[in-house]
Amino acid sequence: MKKPGFHTLAVHAGQHPDPLTGSLATPIYQTSTFVFKNAEQGAARFAGEEEGYIYSRIGNPTVTALEEKIAALEGGEAGLAFGSGMAAISALLFYLAQSGDHIVTSPVLYGSTHGLLHDVFPRYGVKAEPVDLNDEQALRNVIKENTKVIYVETPANPTMDLVDLAKVIKVAKEHNIPVVVDNTFMSPYLQRPLELGADFIIHSATKYISGHGDVLGGLIVGSKEHITGVRRTTLKDIGGNIDPFAAWLLLRGLKTLPVRVQRHSENAMEVARFLKSHPAVLEVYYPGLPDFPQYDLAKEQMDGFGGVLAFEVKGGVDAGRKVINSVKLCHVAVSLGDVDSLIEHPASMTHAGIPLEDRLSMNITDGLIRLSVGLEDPEDIIDDLKQALEQI
Ligand SMILES: Cc1ncc(COP(=O)(O)O)c(C=O)c1O
């Protein structure tokens with residue numbers, strides 16, 4: 001049989017009518033533990049000799065449905081769910097790296113990922129080094145004997161800078177170094193790095209996977225061998241598991257992922273064009289604009305341009321603050337990928353923890369504004385921004 005299309009997988013993968021009751025929606029298995037028939041079965045499950053559940057920190061049937069669905073959508077062998085994106089990122093990196101190791105990263109990272117790599121990991125003897133991954137020579141120069149991971153965020157939060165995945169993966173393969181891609185901004189509907197040869201995908205499922213701003217979650221997709229490895233070590237022993245109800249909300253969100261993301265992208269394109277033409281706007285960063293410096297790479301690597309953009313208004317921080325304080329429809333809030341449009345100021349909010357010098361080297365200027373374009377009518381979002389820009 002031909003492989004089902006993306007929309008079909010989003011609806012069906014991982015989910016089957018409940019064999020006991022016929023319930024179409026996957027039941028929420030709200031249980032902490034699972035009863036063994038006898039001591040021998042318990043021992044066999046702990047030894048990994050028998051398939052089956054043990055304790056919900058390590059696995060739960062509602063969570064399994066989510067893990068199977070995300071693996072199918074990303075085109076990977078297996079998935080693993082966590083209570084937040086940061087729980088997923090930390091569990092994977094603690095699994096891949098140990099004291100004395102070195103991690104190479106893309107230059108711009110989400111604030112807490114930056115904090116994990118540059119504040120937490122050094123305490124355990126792991127060093128992270130940012131480099132312009134699009135500069136092949138610079139990447140080759142920075143790789144060392146002890147480099148255990150190349151960690152990529154593309155598009156980067158919040159500057160929308162892209163990394164050429166195929167090029168990075170080629171170099172990584174020559175050195176046998178796993179590539180981890182944070183695919184939060186695109187979702188598997190618009191970008192599938194595993195198809196290009198990446199080894200792991202991580203998601204803040206809080207964003208487009210949920211889509212409704214009502215749950216936190218994190219996901220990893222990779223090979224069966226390594227996903228089992230993470231489950232049995234840094235998921236089990238650190239304990240960043242997701243709860244069954246949160247997993248159920250993410251399952252529900254995933255069913256409509258492609259239609260939502262398609263519309264987010266269309267709305268963002270209209271908003272980006274409007275901002276680009278506005279005299280008070282200095283710069284718009286959106287990969288779908290033909291004058292975006294990496295427009296050609298965006299078209300090649302992604303199946304669309306997504307719902308997030310960043311922009312800078314004339315007049316710097318004060319003017320930017322005025323715009324944020326003047327919006328009426330968009331909410332002033334961090335997070336992204338929700339049905340509601342969300343506007344925020346990275347320098348004082350999501351990326352405030354990054355030292356000033358590092359932040360400026362990432363081009364996260366004091367005046368930069370990030371907008372996650374929601375699913376409202378695009379004319380209404382544009383009218384809101386128009387009246388806010390008039391206040392400058
Ligand atoms: C690109 C990216 N990665 C990871 C995270 C962390 O995810 P969470 O907030 O679900 O822990 C975020 C959160 O904003 C993000 O934007």
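Indexing begins at 1, ligand by ligand and atom by atom, following the structure's order.
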### Query
Between H278 and F274, is the gap from one ring center to the other below 6.0 Å?
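Ring centroids of H278 and F274 are less than 6.0 Å from each other.
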### Task
Answer yes or no: is there a side-chain heavy-atom contact under 4.5 Å between N183 and V221?
no
### Task
Quick one: name the residues clustered hydrophobically with F46, using the 4.5 Å side-chain heavy-atom rule over I, L, V, M, F, W, Y, and just say none if it's on its own.
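F36, I54, Y55, I58, which link up through side-chain heavy atoms under 4.5 Å apart, make up the rest of the cluster.
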May I have the N/O to N/O pairs between ligand 1 and the protein that fall below 3.5 Å, each with atom names and distance to one decimal?
unit_1   : atom_1 : unit_2 : atom_2 : d
ligand 1 : 3 (N)  : D182   : OD2    : 2.7
ligand 1 : 7 (O)  : S204   : OG     : 3.0
ligand 1 : 10 (O) : G85    : N      : 2.9
ligand 1 : 10 (O) : S204   : OG     : 2.8
ligand 1 : 10 (O) : T206   : OG1    : 2.6
ligand 1 : 11 (O) : G85    : N      : 3.1
ligand 1 : 11 (O) : M86    : N      : 2.9
ligand 1 : 14 (O) : K207   : NZ     : 2.6
ligand 1 : 16 (O) : N157   : ND2    : 2.9

### Query
What residue pairs, at least two apart or across chains, pass ring pair (Phe, Tyr, Trp, His ring centres under 6.0 Å) with a residue in residues 319-365?
none
### Task
Would you mind listing every ring pair (Phe, Tyr, Trp, His ring centres under 6.0 Å) that reaches into residues 160-200, with sequence neighbours excluded?
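Only F6-Y189, H7-Y189, F200-H226 qualify under ring pair (Phe, Tyr, Trp, His ring centres under 6.0 Å).
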### Task
Could you tell me whether a side-chain N or O of Q391 sits under 3.5 Å from a main-chain N or O of Q387, the two making a donor and an acceptor?
yes
